[in-house]
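Note sheet for the following structure.
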Amino acid sequence: MAQTLKATSVAEIEALLDETPSQRTSVATHMAWVPPEWVDAAERVLHGLGPRIPSRTILLHPDPKAKRDGLDASIEHERFPGEDTSVCVEIVRLWLRGATVKAPASVVVPLQIPDLPVFLRWRGRPPFGRTELEQLVGVSDRLIVDSAEWRGLPRAYERLAELFDRIAASDLAWARTLPWRAGLADLWPGVRKARTLEVTGPRAEALLLTGWLRSRLRRDLRLRHEEAGRIERVAVDGERVRPQHARPASPADLLSDQLEQYGRDPVYEAAVRAV
Amino acid sequence: MATETASRSGDAALANPLREGLRLLRTPEPCVLVIFGASGDLTRRKLFPAIYSLAVRGLLPERFAIVGVARTEETDASFRASMKDAVRSFGRDKLDEKVWKRVASGMRYVSTDFADEGGEDALMELLARVDEERGTEGNRFFYLAVPPSAISVLVERVGSRRDEWKGWTRLIVEKPFGFDRESARRLNAEIGRHFEEREIYRIDHYLGKETVQNMLALRFANGIFEPIWNRQFVDHVEITVAESIGIEGRAAFYEQAGAIRDVFQNHLLQLVALTAMEPPVDFTSESVRNEKVKVLRAMHTPSAKHVVRGQYGRGYIDGQLVPAYREEPGIADDSTTETFVAAKLYVDNWRWADTPFYVRTGKRMPKRETTIAIEFQRAPHPPFAEQAGDDLRPNVLIVHIQPNEGVSLAIGAKVPGQGMTLRTVNMDFLYGGAFRTELPEAYERLILDALLGDATLFTRADEVDEQWALVDAIVSAWRRDHPAFPNYEAGTWGPVAADELLRRDGREWRRR
């Protein structure tokens, strides 16, 4: 049962969170920046995550056009009973009204679980250079994006790369290319002098695969791209690539995997820089 | 989920830059899994459910086949049907027809008796055919799910035909590995005639349990424990492997084995080794097993007064009267087979000198429980000893292995309110409460590791040898006396003498 708090304060939210129903184990704080157009998708993924990552999830809903400044909240403790013990997941939904949108760090820092990693899932294209992103990057350990949700590719990758020295980054679009990267790796050494990569799939995945091959092979190669909802075909110099270990991964599976990774991914960073 | 990154295997990454950083599920090379004893209980209850669960998670190679071998007359179709039923009954994953179809398409069955001249011919012919049909490249993985008496013949017959396939060969041997040191050495020699040590995987399913592996993580990934994991800070170690069940119809086996060969020689000594071992230089199979062997070598034979054996009489389990061991079907009414063993062991090395390891295992105990408890020394001068609400216990770190997997730490804490009253409280970390990923069955992990060629969690010949050396020494002392059995009631924690074992040292078994 969710508890709703109108025009509330961080202290009041903290107090409610302390009334946790039972002792529990947490492994992370998972924050998500969720503009209105992404709410449904975010809730679906959250539901799909279920009890896999026992964490405090803080969903931040920006509402800059609100007539008043302030904070509304709802707090939910979701318990997943198991055979031997139950997992407890806390879900805090925060609506940042008016000018509060510009001060999200001041709201979330007191609510983060101390000493545990903080993941920031940014729905849609992050507003590079803007206060809300800068602040939240400053209080998180890992930024998780899905560049397939972005407009303005490939230029947006340049802006993302500017963040690499400040925060570890994950990209769900990159994660979706894994079976194809493994397939391309299987073609080594035949692909050593590859000149053209053909990809039928989302633009983000096509660009990332190209950037990856460029950076790994240390040579330029041309991309021929045909748009599709998911990667359907990859070929290098005309030779089709067979995806390896291809298991259909749901958005929740992909996010769950990212929530278990901590350090920087230099291969991804190099791929982004080579796009 | 097990993943590997090529950056960990640096050579491969250097050779193929595209492999660097690829986080892939570990999947084995194409191969045929040959299960000897395919009509047996182990295959039905453990092996097939585990294989199916690996298939569900996409962890089996694409080019894979399973050949069941047994004397029982069956066809491929009836074998498939029987194993499908086994997966339904004993698997942790719900049966998915699509996945099962994939597994079943590679299943074959051979009915043969290896004791007959040329009994292996049909199998060899089938394996050659399977290689062609399934593309398994001549890689053979033999699983000996058979009684110890059948192993020698199988090994000899299979081993003598090794030149008929070109790929790699691996052999999984189930416990018990021998009956004593001499028979284990004989068996090792027989297997060694045809297979190299690196091809032999002696299975002890305890090592496949998550918490047993977590023992290594707990000790060697946490800076706070290792500095105090020694004789200076640890008062004693207590390891319990308790079962509430009886012998479950295994009278013939149990009469031969007893608790000392069934559990003490393998599971219990493995737990001692993992608790006491030095940090390995890396997590390769040789490094880990080298350190375990050192512990086993450093253990001296306990004197007779430091070993207690017992046998259960009638008693109550879960409110039900259960029969005495001697009343179980197939057990002689004057049997002196032990169903309980407790011992005080010492690991004579720099780290553990004079630190007792109290271990016990038994059947028909009040509950099923496997734990390792590290009891630390008391605070040297607690200023508030008189205010302790109960007899404030020393700190105890408990590694729970089954049924609940996790770790607990007992610490003293102040009771809220006036004054300074202290109580012992437990901080619990249970796997089920932190990681909702279902824990894989031990057999899943071990079969996958063997398919991948990783022997870290399997027992090496010299480990087995050291284990038997200790057991032989204990058993030889037993031959000289006639125990007054039964000496503990079913549903209790063993004979009074087991309590005395600790009481003499001013200690007692942990309360449960």
Side-chain angles (χ1 to χ4, degrees), chain A residues 22-27 49-55 79-89 174-175 177-189 191-192 194 212-213 215-218 236 242 244-248 253 256-258 260-261 263-271, chain B residues 1-9 12-28 54-63 92 96 98-99 102 210-211 368-369 400-409 425-439:
Chain A
S22 62
Q23 186 186 356
R24 73 219 186 271
T25 308
S26 298
V27 297
L49 270 182
R52 273 185 279 186
I53 308 284
S55 60
R79 297 183 75 176
F80 298 89
E83 252 177 55
D84 306 320
T85 181
S86 61
V87 167
C88 180
V89 178
W174 171 251
T177 64
L178 176 62
W180 300 92
R181 281 184 276 135
L184 279 158
D186 281 351
L187 298 180
W188 180 265
V191 289
R192 194 199 310 246
W212 172 68
L213 268 185
S215 61
R216 302 316 303 160
L217 301 177
R218 295 172 191 273
V236 61
R242 196 163 163 245
Q244 297 296 304
H245 311 287
R247 282 196 306 154
D253 291 335
S256 173
D257 282 350
Q258 299 307 315
E260 287 173 359
Q261 291 175 34
R264 289 173 66 162
D265 179 350
V267 177
Y268 169 67
E269 291 179 6
Chain B
M1 183 64 74
T3 59
E4 62 177 356
T5 59
S7 54
R8 272 166 49 201
S9 52
L14 284 175
N16 180 354
L18 302 183
R19 286 251 167 247
E20 190 179 332
L22 283 185
R23 292 174 55 87
L24 296 172
L25 291 175
R26 298 193 303 171
T27 48
L54 292 173
V56 167
R57 285 157 188 80
L59 296 171
L60 293 178
E62 278 188 29
R63 286 177 284 151
R92 72 178 172 112
D96 176 329
K98 251 169 73 180
V99 175
R102 213 168 53 236
E210 282 291 322
T211 320
R368 174 175 172 247
E369 180 182 298
H400 303 272
I401 292 167
Q402 65 182 19
N404 300 327
E405 304 196 54
V407 180
S408 302
L409 179 64
V425 294
N426 277 353
M427 292 199 304
D428 294 326
F429 154 73
L430 289 180
Y431 260 84
F435 303 106
R436 185 34 62 98
T437 312
E438 270 189 81
L439 301 186

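Naming convention: chains lettered A, B, ... in sequence-line order (proteins, then strands); numbering from 1 in each chain. A quick note: this is a predicted structure, and the numbers were derived from the prediction, not measured.
- When all heavy atoms of Leu18(B) and Trp212(A) are compared, the closest pair comes out as O-CZ2, 3.4 Å.
- The minimum heavy-atom distance linking Val267(A) with Glu20(B) is given by the pair CG2-O, 3.7 Å.
- The two residues Leu22(B) and Ala182(A) make their nearest non-hydrogen contact at CD1-CA, 3.8 Å.
- Rounding to the nearest 0.5 Å gives a distance of 10.5 Å between CG of Leu184(A) and CZ of Arg19(B).
- Using a 4.5 Å cut-off between heavy atoms, Asp265(A) makes no contact with chain B at all.
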